[in-house]
Amino acid sequence: MTESIYDLVIVGGGPIGLACAIEAEKKKLKYLIIEKGAIVNSIFNYPLYMTFFSTAERLEIGGIPFNCLAPKPGRQEALEYYRNIHRYFKFNINLFEKVTDILKNQDIFKITTDKHKYESKNVIMATGFYDIPIEMNVFGEHLSKVRHYYKEAHEYAFRKVLVVGANNSSVDAALECWRKGAEVTMVIRKNEINNRVKYWVKPDIENRIAEGSIKAYFESNITEIREDEVEILTPNGKITIENDFVLALTGYKPDLNFLEKIGIQLSDDELKIPVYNPETMETNVEGLFLAGVVCGGMQTHKWFIENSRIHASMIVDYLSSK
């Protein structure tokens, strides 16, 4: 057990977790960030050539300018920016350390990780949502050819690739794979490409589908995945197509089971939204706060960096006022 008690432990070293630490430093709070992977681990795991929807200034934290030559920053620029943020603030952060349990004993939280134990008066969960893929729950989903994360297109060049979904990640993967020589098919549950797809990309995918370069089955679902083929239920009945890889980019969700384990109540509907005070971000557990996209439960499209940076000051200002 550590010898001293922290004012604040921040679980998650993404942009919002770092923003919370910046606010804690301003208020002279004794804090620690615990991150299970690399700094801004989720961004590190994004596709190599991913471009943000937001402009650079909307990704800024701590009042430090994010200089970017392109109209929209990419993954590499973001990683460089947040590394420089750490160089500037010199955060008290433990990387590659996973929190396994948080238990409140009277007024003190006891935080257990896979390496150490800590004590803190308050805890912020800023754990994001990128760790747990939303599965399709179909036979064959766990074959090695099925991927829930996409990094780059080279591996799929000249292969038959099926992309599931019509969101930003699915559309980016479909276009990149097609341009690298893959034979791309998309399976889309709805009857159109998602309206939240980046506005400069949406016409591109729609035109590729219209001209037949990329085959798309709308209002359709995968029913079975086999080693060299996939079965799809379409409005015209079941079909079977040859297939080498399935990119099941069906979205991700927060670790809701862990939130419940540490005492946070979730809504009893399919959205699983955690209970918290929107003015302070404090959950039903006194001293335990949420920051960032984890607040949205299954509504992972609701919160992102630019509109949840404010959570950091809301929480720390409230702690200071107490």
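For reference, positions follow the sequence shown, starting with 1.
A distance of 6.5 Å separates NZ in K253 from CG in L256, rounded to the nearest 0.5 Å. Rounding to the nearest 0.5 angstrom, the gap separating the OG1 atom in T300 from the OH atom in Y252 is 10.5 Å. Distance check, rounded to the nearest 0.5 Å: SG of C20 to CE of M314 gives 11.0 Å. The distance from atom CD1 of I22 to atom OH of Y88, rounded to the nearest 0.5 Å, is 9.5 Å. The structure places CD1 of I134 at 9.0 Å from CZ of F129, a figure rounded to the nearest 0.5 Å.
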Output, in order, the C-alpha distance, side-chain angles, deciding distance and verdict of side-chain contact (heavy atoms from CB on, under 4.5 Å) for V40 and L79. CA-CA 7 Å; V40 292; L79 291 178; 3.8 Å; yes
Practice item. Please step through side chain to side chain donor-acceptor pair (under 3.5 Å) for the pair R87 and Y82, ending with a clear verdict. Key: CA-CA 9 Å; R87 290 189 183 101; Y82 292 116; over 6 Å; no
Evaluate the criterion side chain to side chain donor-acceptor pair (under 3.5 Å) for residue pair N45 and S42; output intermediate values, then yes/no.
CA-CA 5 Å; N45 285 307; S42 292; over 6 Å; no
Evaluate side-chain contact (heavy atoms from CB on, under 4.5 Å) for M281 paired with Y276, printing each intermediate quantity in order. CA-CA 6 Å; M281 309 308 295; Y276 67 93; 3.5 Å; yes
Practice item. Would you sort out whether V171 and I193 count as a side-chain contact (heavy atoms from CB on, under 4.5 Å), showing the intermediate values? Key: CA-CA 8 Å; V171 168; I193 298 296; 4.2 Å; yes
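I10 is connected to L18 through a chain of hydrophobic side-chain contacts under 4.5 Å among Ile, Leu, Val, Met, Phe, Trp and Tyr, so both are in one cluster. Under the 4.5 Å side-chain heavy-atom criterion for Ile, Leu, Val, Met, Phe, Trp and Tyr, V138 and F245 are members of distinct hydrophobic clusters. Under the 4.5 Å side-chain contact rule for hydrophobic residues, V246 and V163 do not share a cluster. Transitive grouping of hydrophobic side chains (ILVMFWY, heavy atoms separated by less than 4.5 Å) keeps Y150 and V164 in distinct clusters. Using a 4.5 Å cut-off between side-chain heavy atoms of Ile, Leu, Val, Met, Phe, Trp and Tyr, with links allowed through other members, I93 and F44 fall into the same hydrophobic cluster.
D269 CG: more than 12 foreign heavy atoms inside a 6.0 Å radius. In this structure, K198 places its NZ atom where more than 12 heavy-atom neighbours from other residues, nucleotides or ligands lie under 6.0 Å away. Environment of CG in L95: crowded, with over 12 heavy atoms of neighbouring residues, nucleotides or ligands closer than 6.0 Å. Within 6.0 Å of NE2 in H301 there are more than 12 heavy atoms belonging to other residues, nucleotides or ligands. Within 6.0 Å of CD in E227 there are 12 or fewer heavy atoms belonging to other residues, nucleotides or ligands. The neighbour count for D114 CG, taken as heavy atoms of other residues, nucleotides or ligands under 6.0 Å away, is above 12.
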Name each donor-acceptor pair under 3.5 Å that joins a side chain in residues 55-69 to protein atoms two or more places apart or in another chain, with its distance.
residue, atom, partner, partner atom, Å
T55, OG1, E57, OE2, 3.1
R58, NH1, E306, OE2, 3.1
E60, OE2, F66, N, 2.9

Table please: side-chain donor-acceptor pairs of residues 182-191 below 3.5 Å, with sequence neighbours left out.
none

Enumerate donor-acceptor pairs with a distance under 3.5 Å from any side-chain N or O in residues 284-298 to protein atoms, sequence neighbours excluded.
residue, atom, partner, partner atom, Å
N284, OD1, Q265, N, 2.9
N284, ND2, G263, O, 2.9

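The backbone N or O of E231 lies less than 3.5 Å from a partner atom in the side chain of T223, making a donor-acceptor pair. Under the 3.5 Å distance criterion, the side-chain polar atoms of N94 are left unmatched by any main-chain donor or acceptor of I34. Remark: side-chain polar atoms of N207 are paired, donor with acceptor, to backbone N or O of P203 under 3.5 angstrom. The backbone N or O of S313 sits nowhere less than 3.5 Å from a side-chain atom of Y318 that would complete a donor-acceptor pair. Listed for the S220 side chain is a donor-acceptor partner under 3.5 Å among the backbone atoms of F218. Checking side-chain atoms of S308 against main-chain N and O of H311 turns up no donor-acceptor pair under 3.5 Å. In terms of modelled atom types and a separation under 3.5 Å, the side chain of E35 and the main chain of G37 share a donor-acceptor contact. The backbone N or O of K115 lies less than 3.5 Å from no partner atom in the side chain of E97, so there is not a single donor-acceptor pair. Side chain of S170 to backbone of L249: a donor-acceptor contact under 3.5 angstrom is found. Remark: the backbone N or O of V9 is paired with a side-chain donor or acceptor of S120 at under 3.5 angstrom.
Under 4.0 Å is where a charged nitrogen must lie from a carboxylate oxygen, and between E242 and R159 no such pair does. Taking the charged nitrogens against the carboxylate oxygens, E176 and R179 have no contact shorter than 4.0 Å, which rules out a salt bridge. Ion pairing between a basic and an acidic side chain is recognised when a charged N comes within 4.0 Å of a carboxylate O; R226 and E224 show such pairing.
Taking the side chain to side chain donor-acceptor pair (under 3.5 Å) definition, one finds that R196 meets it with nothing, sequence neighbours left out. Take K36 and apply the salt bridge (Lys or Arg N to Asp or Glu O under 4.0 Å) test, not counting sequence neighbours, and it matches D131. Here I239 pairs with Y217, I232, T234, I241 under the side-chain contact (heavy atoms from CB on, under 4.5 Å) rule; sequence neighbours left out. Residues passing the side-chain contact (heavy atoms from CB on, under 4.5 Å) test with N137 are E135, sequence neighbours excluded.
The minimum heavy-atom distance between I315 and T280, with the atom names listed, is CG1-O, 3.6 Å. For the residue pair G13 and I33, the shortest heavy atom distance occurs at CA-CG2, 3.9 Å. Residues M50 and Y46 approach most closely at CE-CD1, 3.1 Å, considering heavy atoms.
Here the options are N243, D244, D228, the test is side-chain hydrogen bond (donor to acceptor under 3.5 Å, both in side chains), and the partner is K145; only N243 passes. Here the rule is salt bridge (charged side-chain N to carboxylate O under 4.0 Å, His left out) with D7, and of K121, K28, K30 only K121 fits it.
Close placement of the Y149 and Y130 rings is indicated, their centers lying within 6.0 Å of each other.
Through side-chain heavy atoms spaced under 4.5 Å, either directly or across other Ile, Leu, Val, Met, Phe, Trp or Tyr residues, I132 is tied to no other residue. Residues I273 make up the rest of the hydrophobic cluster containing L271, defined by ILVMFWY side-chain heavy atoms closer than 4.5 Å, directly or through other members. As a member of the Ile/Leu/Val/Met/Phe/Trp/Tyr network built from side-chain separations under 4.5 Å, L48 groups with Y49. Grouping Ile, Leu, Val, Met, Phe, Trp and Tyr by side-chain contacts under 4.5 Å, direct or through others, leaves F304 on its own.
Checking E229 against T240 by side-chain atom types alone, no donor-acceptor pair falls below 3.5 Å. At a cut-off of 3.5 Å, with distance as the only test, no side-chain donor of Y6 or E119 sits close to an acceptor on the other residue. A donor-acceptor contact closer than 3.5 angstrom is absent between the side chains of S169 and D172.
In this structure, F89 and F91 have parallel ring planes: the angle between them is below the 30° cut-off, well short of the 60° mark.
Applying the salt bridge (Lys or Arg N to Asp or Glu O under 4.0 Å) test to every pair with at least one member in residues 309-322, sequence neighbours left out, gives these pairs: K27-D317.
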